[in-house]
Each structure stands twice: as structure tokens, then as C-alpha cells.
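Each ligand, and each atom within it, is numbered from 1 in the order the structure gives.
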Amino acid sequence: GAASSSTASREEVGRATWTFLHTLAAQYPEHPTRQQKRDARNLIDILTRMYPCGECAAHFKELVGSHPPQVATRADFSLWMCEAHNIVNRRLGKPTFNCSLVQSRWAGLECGEDGADACSLDF
Ligand code: FAD
């Protein structure tokens with residue numbers, strides 16, 4: 001079982017991946033370069049093929065097909081990530097999240113406390 005082995009469950013991998021994705025979106029540049037936009041789209045596209053739960057990856061591919069990633073600004077990408085997560089939440093019968101609160105739930109690693117200035121810069 002999960003407690004007695006190092007095998008990650010679908011739920012654990014899901015939580016870890018959403019933490020990664022929302023944190024990454026919170027730290028995405030306000031004014032991304034073309035390369036940064038390409039990177040964001042590629043990351044999502046790769047997840048639709050490589051996410052380590054085949055059924056989840058297949059569903060996510062459909063989701064991304066009907067809701068293409070919005071990568072023009074940090075706000076756009078963070079909102080898109082929240083809405084994508086809500087589509088998955090609905091399919092799993094989980095409560096949806098109020099996306100106007102996404103900035104208070106998630107921050108970039110370098111956006112709080114010590115790194116307070118890092119998130120207002122493009123790096
Ligand atoms: P999670 O959904 O993992 O969320 C973690 C935390 O994020 C929540 O506690 C909440 O604080 C916050 N949160 C919730 N909603 C939002 C939101 N909309 N925006 C911002 N923050 C939010 N599981 C399946 O069984 N079938 C699937 O097809 C499937 N597809 C997935 C596809 C992807 C791309 C990913 C990353 C995960 C997928 N999962 C799937 C896993 C599933 O989404 C959950 O991660 C897992 O069920 C654990 O759920 P949880 O209740 O712990 O919270």
C-alpha cells in the first residue's frame with residue numbers, strides 16, 4: 001500500500017504536478033519572450049503525452065485541444081492553469097476553485113519573502 005512502499009499514487013502525483021504547474025505559472029514572466037511562450041506551450045503539450053497516468057494524459061490532451069494554453073502574460077497563464085485544473089476537478093467530482101483567488105493560493109518560489117522583487121522582474 002501507499003504507506004508501506006515508495007510507489008506514488010495517482011493522487012500524490014496529481015497534487016505534486018498541480019503544485020509544480022501553479023507555482024510555475026505564478027513565476028511565469030509578466031512579459032514573456034517568444035521563447036518563453038514557446039516553452040510554456042511545449043511544457044503543456046509534452047504533459048499531454050508524458051504525464052505518468054495514461055488515462056489522465058489522454059483526458060488532458062482533449063482538454064488542451066479544446067482550451068489552448070494562454071501564455072501571453074503571467075495573469076493569462078495563471079488563469080488558464082486554474083481553469084484547466086477546474087475542468088479536471090469537475091470531471092473527478094471535486095469542488096472547483098474560485099480563480100479570482102488563484103494569486104493568493106499560489107506564488108512563485110522566488111515571489112515571496114526573501115525573493116520579494118524577483119517576481120516583478122522578467123528573468
Ligand atoms: P488537487 O486537485 O491535486 O489540487 C491540489 C490543491 O490545488 C488543492 O488542494 C487546492 O488547494 C488547489 N486547487 C484546486 N483546484 C485548483 C484550481 N482550479 N486552481 C488552482 N488551485 C487549485 N486524476 C484522475 O483520477 N483522473 C484524471 O484524469 C486526472 N487527470 C489529471 C491531469 C493532470 C494534468 C493533472 C496534473 C492531474 C490529474 N489527475 C487526475 C489528478 C487529480 O487532478 C488530483 O491531483 C488528485 O485527484 C488529487 O486531488 P486533491 O483533491 O488532492 O487536489
For [atom], the protein heavy atom that lies nearest, with its residue and separation:
atom: atom 15 (N) of ligand 1; value: Asn89 ND2, 3.0 Å
atom: atom 43 (O) of ligand 1; value: Trp18 NE1, 2.9 Å
atom: atom 23 (N) of ligand 1; value: Leu92 CD1, 3.5 Å
atom: atom 30 (N) of ligand 1; value: Cys56 CB, 3.2 Å
atom: atom 52 (O) of ligand 1; value: Arg15 NH1, 2.7 Å
atom: atom 8 (C) of ligand 1; value: Arg105 NH2, 4.6 Å
atom: atom 49 (O) of ligand 1; value: Lys94 NZ, 3.2 Å
atom: atom 12 (C) of ligand 1; value: Trp106 CZ2, 3.9 Å

Is there a polar contact between ligand 1 and [X], counting only N or O atoms under 3.5 Å apart?
X: His85; answer: yes
X: Cys82; answer: yes
X: Glu55; answer: no
X: Arg91; answer: yes

Which part of [X] is near ligand 1, with near meaning a heavy atom under 4.0 Å away: side chain, backbone, both or neither?
X: His59; value: side chain
X: Glu83; value: neither
X: Asn86; value: both
X: Thr96; value: neither

Would you call Asp45 and Arg41 a salt bridge, using N to O less than 4.0 angstrom?
no
Enumerate the atoms of ligand 1 whose separation from the nearest heavy atom of Thr17 is less than 4.0 angstrom.
36 (C)
Taking only non-hydrogen atoms of His22 and a 4.0 Å limit, the atoms of ligand 1 in range are 19 (N), 20 (C), 21 (N)
Is there a donor-acceptor contact under 3.5 Å linking the side chains of Asp39 and Asn42?
no
Is there side-chain contact between [X] and [Y], with heavy atoms separated by less than 4.5 Å?
X: Trp18; Y: His85; answer: yes
X: Ile44; Y: Val71; answer: no
X: Leu101; Y: Asn98; answer: yes

Short question: side chain of Glu83, backbone of Trp80 - any donor-acceptor pair under 3.5 Å?
no
Okay, side chain of Gln70, backbone of Pro68: is any donor-acceptor separation there less than 3.5 Å?
yes
For Arg15, what residues pass the salt bridge (Lys or Arg N to Asp or Glu O under 4.0 Å) criterion, not counting sequence neighbours?
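In terms of salt bridge (Lys or Arg N to Asp or Glu O under 4.0 Å), with neighbours along the sequence ignored, Arg15 is linked to no residue.
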Quick one: which residue pairs count as a ring pair (Phe, Tyr, Trp, His ring centres under 6.0 Å) with a foot in residues 33-71, not counting sequence neighbours?
none
